[in-house]
Amino acid sequence: MDLFEYQGKECLRRFEVPVPEGRVATTPDEAVAAARGLGGKVVVKAQVQVGGRGKAGGIKPAGSPEEAGDVASRILGMDIKGHTVKRVLVERAGDIRSEYYLAFLVDRSARMFLGLMSAKGGIDIEEVADTDPDAIARVHIDPAIGLSDFHARRLVFGAGIDHQARKGAIALIPPLYRAFVELDASLVEVNPLVLTGDGRVMALDAKVSVDDSAEFRHPSFAELKAAHDIPEQERRAKEKGLNFIKLEGDVGIIGNGAGLVMSTLDVVKAAGGDPANFLDVGGGAGAEVLSNALEVITSDRSVKSVLVNIFGGITRCDLVAEGILSALGRLDMEVPIVVRLDGTNAEQGRKMLADAPHPMLHAAETMLGAAARAVELAHAGGA
Amino acid sequence: MDLFEYQGKECLRRFEVPVPEGRVATTPDEAVAAARGLGGKVVVKAQVQVGGRGKAGGIKPAGSPEEAGDVASRILGMDIKGHTVKRVLVERAGDIRSEYYLAFLVDRSARMFLGLMSAKGGIDIEEVADTDPDAIARVHIDPAIGLSDFHARRLVFGAGIDHQARKGAIALIPPLYRAFVELDASLVEVNPLVLTGDGRVMALDAKVSVDDSAEFRHPSFAELKAAHDIPEQERRAKEKGLNFIKLEGDVGIIGNGAGLVMSTLDVVKAAGGDPANFLDVGGGAGAEVLSNALEVITSDRSVKSVLVNIFGGITRCDLVAEGILSALGRLDMEVPIVVRLDGTNAEQGRKMLADAPHPMLHAAETMLGAAARAVELAHAGGA
Amino acid sequence: MAILVGDDTRLVVQGLTGREGSFHGLRNRDYGTNLVAGVTPGKGGSDVEGVPITDTVAEAVKSTGANTSMVFVPPRFAADAILESHDAGIEVIIAITEGIPAMDMAKVVGYLRRGNGASLIGPNCPGVISPDKANVGIIPGEICRRGPVGLVSRSGTLTYQIVHELTQRGIGQSSCVGIGGDPIPGSDFIDILAKFEADDETELVVLTGEIGGDAEERAAAWARANMTKPVVAYIAGFTAPAGKRMGHAGAIISGSKGTAAAKAEALESAGIRVGRNPSEVAELVAEAL
Amino acid sequence: MAILVGDDTRLVVQGLTGREGSFHGLRNRDYGTNLVAGVTPGKGGSDVEGVPITDTVAEAVKSTGANTSMVFVPPRFAADAILESHDAGIEVIIAITEGIPAMDMAKVVGYLRRGNGASLIGPNCPGVISPDKANVGIIPGEICRRGPVGLVSRSGTLTYQIVHELTQRGIGQSSCVGIGGDPIPGSDFIDILAKFEADDETELVVLTGEIGGDAEERAAAWARANMTKPVVAYIAGFTAPAGKRMGHAGAIISGSKGTAAAKAEALESAGIRVGRNPSEVAELVAEAL
């Protein structure tokens, strides 16, 4: 889960990483109150999870509480690259002498944590990596032994951080690392890290991604998640325990296992079709899960046919068939469903479907055959 | 530094290791007040750092505050194997169903931490190790990765701890380990760990040894140390930065480096003498340190001669000579001093001493020669 | 020979008394795997259909000579279970559990790799099967047959699909290894390719990858430099939209890196033929054998 | 050849700008050691008598090819300094610093030993000298001469005493290694015995131990099984009273274990002659050569 800037900063503040003082506002009035509480000049920042907010007009300074309200009223509701601004962060403004880059992430290849720092902050780090790779200091941190002081020095001296900012930067690294580890983050990225006019070093922006798998030890994740807008269909799917992503096409896809579903999308595309979604019922799905999956997919009017591609392992094909039959009985099914079953209890499952013929139900022998059939039916239905 | 029981328990309590409620008393009146504060039955325990307190009459139950005062008045001032009881710990008494053993220590050979647990608690663990080694469960813990839950299970199941105590024992192990690591302890030993009548598991006694080298990150060590009685001569030596231990003989020993001083003790003994002390001036000792060392040693009336055995490395023999001459000028030296200098600036040092002859000053060429001379002079002086 | 599991496997299941653990553990035994023990703290001394339960893995190793463990405990206990097996001297640890936090795995995987040489497969993986010898995990044994093809895959059901296509064409497998799709797997493609390269029974290797990360790219470079046996590959996710997280934590595309096209190109430029769908993979294998 | 330090040594001193660090670092240079850099964070770009200072060890390695480091920083910074050298790829790390907490060393030593094969000598040690080649540490070079005897010792000044006795008898040394008397040394007797056994220049080894721990007993067992070269030993502390802590943290006797008598017996029963005092050690060496 990617956190909003204000969420990420709240998290970092708990680990004593210096961040500007700020408050979230969802209305212009709240923005006025926030600016009044902070006193002096403020910056009003659109809270959307997309780059280029500043250029799009989503970040504006304000010299007074009233101006903060005006600015907020213009930013709230704005559309930035398809994201509607529902909240702004009102932050105390400070003068900035230099901008740097600092991040911790998990380096999968090295199976270690990676710290990155650059004196070239405030811009896209991938651009820096492409044009001037030596401008980025990198240190690997063995998760077993953790961060030692020298890692911080290697980052700060290696990146050639300004003399005046060194001490503050070296001091900020251990708490940022602690936040990274203790939040179960896959990424904490501070861009820019700034040196202010009065010599302080702080995180002016913060991108924090946390690991959903670690929610069991972070009760606060649920709260953070609540602020995220999830499309209605995905939300309903998630409630039913389904891993669902909406796509643009008209062939609904249901499969078990992310790899098999991705492969199914590929073969549908190769057969000339356009997948309407990605839906992985996961391992060991029972009848109810399958029935729910069909319900979620067919609730989408753009879906013209559905392909159910199951290779049973931990999942039992007889239960899959039961779920399909239950959905057919329960729902007023208007689109054809192509079913391909293999693996654990496949024969039983196929027999159950054959024994209960339904006009919308089409059995297929192979994955490629099933894909071709589903595409053909979608085209026929759309015509 | 070995902590007193009450100190060790206070430390463990900070890490949420369950210990009985208790208070320290230095007078019978304090013991009465402590028992009154605790309410109900108590146990009064002599605070001395020596085994066998119980057998010596240093641990007694008391049914009322008044009885606690009586008992305390008998225990306070008691001599237990040469240790005078200056404090008692007044603890709430509980009924004990079983006694176990649990410890963490540094295993030097394995360069790891070692956890030990046994269902045979309350007795000397070395005796258990000799007579029934299988009764002790052992697990090594890699300091880099730390304690994982399975270590606790291996200890508790491996030791065959009673069923009723398992959960409590497994829960107590992580905080005890945390205490071990975060206190910079070389040993935390809970003997006995007890299962009480009401099903709780707690540390009834605790032996904690902390690493003096880690004092820089533990301001509390100084406080803990203040409770320890150090013989006057050793205390004075320590104040002057000398590593001094009083022994029983009459040949005072000064050397640089623990190994060389131990070797000097050995050769003095081999030459028929009895060392009066161990005194290591450490590495890089200057004139003042040497002068102080001579002062500390000659303040002991039983010393009949002094052997100064210096092999300069980081230590400069010219500064050693300067310190000796300064001591000779400053103090009214009544015992002969045999000096052997080698290594860094040895020639200069020897020349300085030769140029300032003093009736009590004897130069020696070799370590063995110096030892023989010092013993001879001690015998002559003692006669 | 086969790799990782086989006739010498002596299996202990961590979590054998659980619903899933007992179902799959006993299914593995039915397949012919030598299931010697289960571990559930506090249930030592009991049994699951004749399989003795111990309180700790160390005890299972001592009393039954277990050398392989399957981890079937809930995510929050899984890192500890893996460390326990490693500490007890288990040589092959197969972690089926899904949803273990990446922080836990980062710590455990780095530690194990610097350790005593034990192999960790998974987590979040379907396990390992060496047909007719041993099956440790959830791969359906009936779709496999013994033969010369080694399979290694980040995906579970996709592996089954490919095995199925091979078996239908009469092509058997030496071992099928699901390394799992988590960000930090205990073993990666290279670890398993190296084992197949050294395995007598394996003549050809099928590598099944998916979008995200650079494991396939690194495997391609390694195979080019170190493999004498032919490799055929498949990559899932050509049509997956960028920036979407599709099931496996590994399946995220960002920018140009980690796309299926980039991976296929890396493999092909290392001389590895890449099938466009599972059937084509089986056909390429048939041609190459 | 000699061991650990020699003609190929390119030394970086961590803490070269400090009083002790500069005194001994420059003394080592005067002896002929190739001192290529000093590290002091924040002082990068300056120099100490012509020796360039960098902010990090990594930078020193990159710019000067340093392969050996000497740690001369205060105890609270020493564990970090050792880890920094290891991380930068330094092959031989010699930690002179005294008073490093045992917890720090337990973590560092265990980690390094599972790592890239770098040697850590110390902490709380006098360093290593290979006479006429290189001296890294505080051993007075003038008491040594080049020759066939390797020395390894837990004690500093006691080593000097024995070297002195050897040199006075005309017997030179290949390398003298002070492993330090701390509870958890980076290298123990066995590590160094193995290096001497493999070293062309070394014909005989002198092992100097002291009371406390079981390092000498383990070394005796190892030498019996693995050494072809003769070993002569010395143990200090025969007359040390039990339970007293004499300087080195290692020098504590508890019960019957770790006494000088027990150690001498273990060594002698492994065929190693034990001198009763430093002079006798030199005489035994003279006889054995």
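The chains referred to below are lettered A, B, ... by the order of the sequence lines, with proteins before strands, and numbering in each begins at 1. The structure displayed is predicted, hence computed values, not measured ones.
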Under 4.5 Å heavy-atom distance to chain C, tell me which part of A/Leu368 shows up: side chain, backbone, both or neither.
side chain

Between A/Tyr177 and A/His151, is the gap from one ring center to the other below 6.0 Å?
no

Within 6.0 angstrom of C/Glu265 CD, more than 12 heavy atoms from elsewhere
no

Taking every heavy-atom pair that is under 4.5 Å apart, which of A/Lys269, A/Met112, A/Arg217, A/Glu248 has the most such pairs with chain C?
A/Arg217

Under a 4.5 Å heavy-atom cut-off, does chain A meet the side chain of C/Ile139, its backbone, both or neither?
neither

Is C/Pro278 in contact with chain A via its backbone, its side chain, both, or neither, using a 4.5 Å heavy-atom distance?
side chain

Of all of A/Val267, A/Val261, A/Asn256, which one pairs up most often with chain C through heavy atoms under 4.5 Å apart?
A/Asn256

Under 4.5 Å from any heavy atom of chain C - which part of A/Asp266
both

Applying a strict 4.5 Å limit to non-hydrogen atoms, the region of A/Asp211 in contact with chain C is side chain

Most contacts with chain A, counted as non-hydrogen pairs under 4.5 angstrom, among C/Ile184, C/Asp104, C/Ile100:
C/Asp104

A/Glu347, CD: over 12 other non-hydrogen atoms inside 6.0 angstrom
no

Pairing of C/Arg27 and C/Glu20 as salt bridge, 4.0 angstrom limit
no

Quick one: what part of C/Tyr234 sits under 4.5 Å from any heavy atom of chain A, side chain, backbone, both or neither?
side chain

Answer with yes or no whether the side chains of A/Ser209 and A/Asp2 bring together a donor and an acceptor at under 3.5 Å.
yes

Which bit of C/Ala102 is near chain A, if near means a heavy-atom gap under 4.5 Å: side chain, backbone, both or neither?
both

Which residues pass the ring-ring contact (aromatic ring centres under 6.0 Å, His included) test with C/Phe77, sequence neighbours left out?
none

Most chain A-contacting option - heavy-atom pairs closer than 4.5 Å, from C/Asp188, C/Val108, C/Val109:
C/Asp188

Give a yes or no on whether A/Lys207 atom NZ has more than 12 heavy-atom contacts from other residues, nucleotides or ligands under 6.0 Å away.
no

Part of A/Val106 within contact of chain C (heavy atom distance under 4.5 Å)
side chain

Between C/Thr167 and C/Gln173, do the side chains contain an N or O donor and an N or O acceptor separated by less than 3.5 Å?
yes

For A/Phe180, which atoms come within 4.5 Å of any heavy atom of chain C: side chain, backbone, both, or neither?
both

With only heavy atoms counted, which part of A/Asp342 is less than 4.5 Å from chain C, the side chain, the backbone, both or neither?
side chain

Contact origin within C/Arg218 toward chain A - heavy atom pairs under 4.5 Å
side chain

Where does C/Gln161 contact chain A at under 4.5 Å (heavy atoms): side chain, backbone, both or neither?
both

Using a strict 4.0 Å threshold on nitrogen-to-oxygen distance, state whether C/Lys263 and C/Glu210 make a salt bridge.
no

Is chain C contacted by the side chain of A/Ala185, its backbone, both, or neither, given a heavy-atom distance below 4.5 Å?
backbone

Donor-acceptor side-chain pairing of C/Asp191 and C/Ser119 below 3.5 angstrom:
no

When heavy-atom pairs shorter than 4.5 Å are enumerated against chain A, which of C/Gly110, C/Ser153, C/Pro126, C/Ala106 gives the highest number?
C/Ala106

For A/His83, what residues pass the ring-ring contact (aromatic ring centres under 6.0 Å, His included) criterion, not counting sequence neighbours?
none

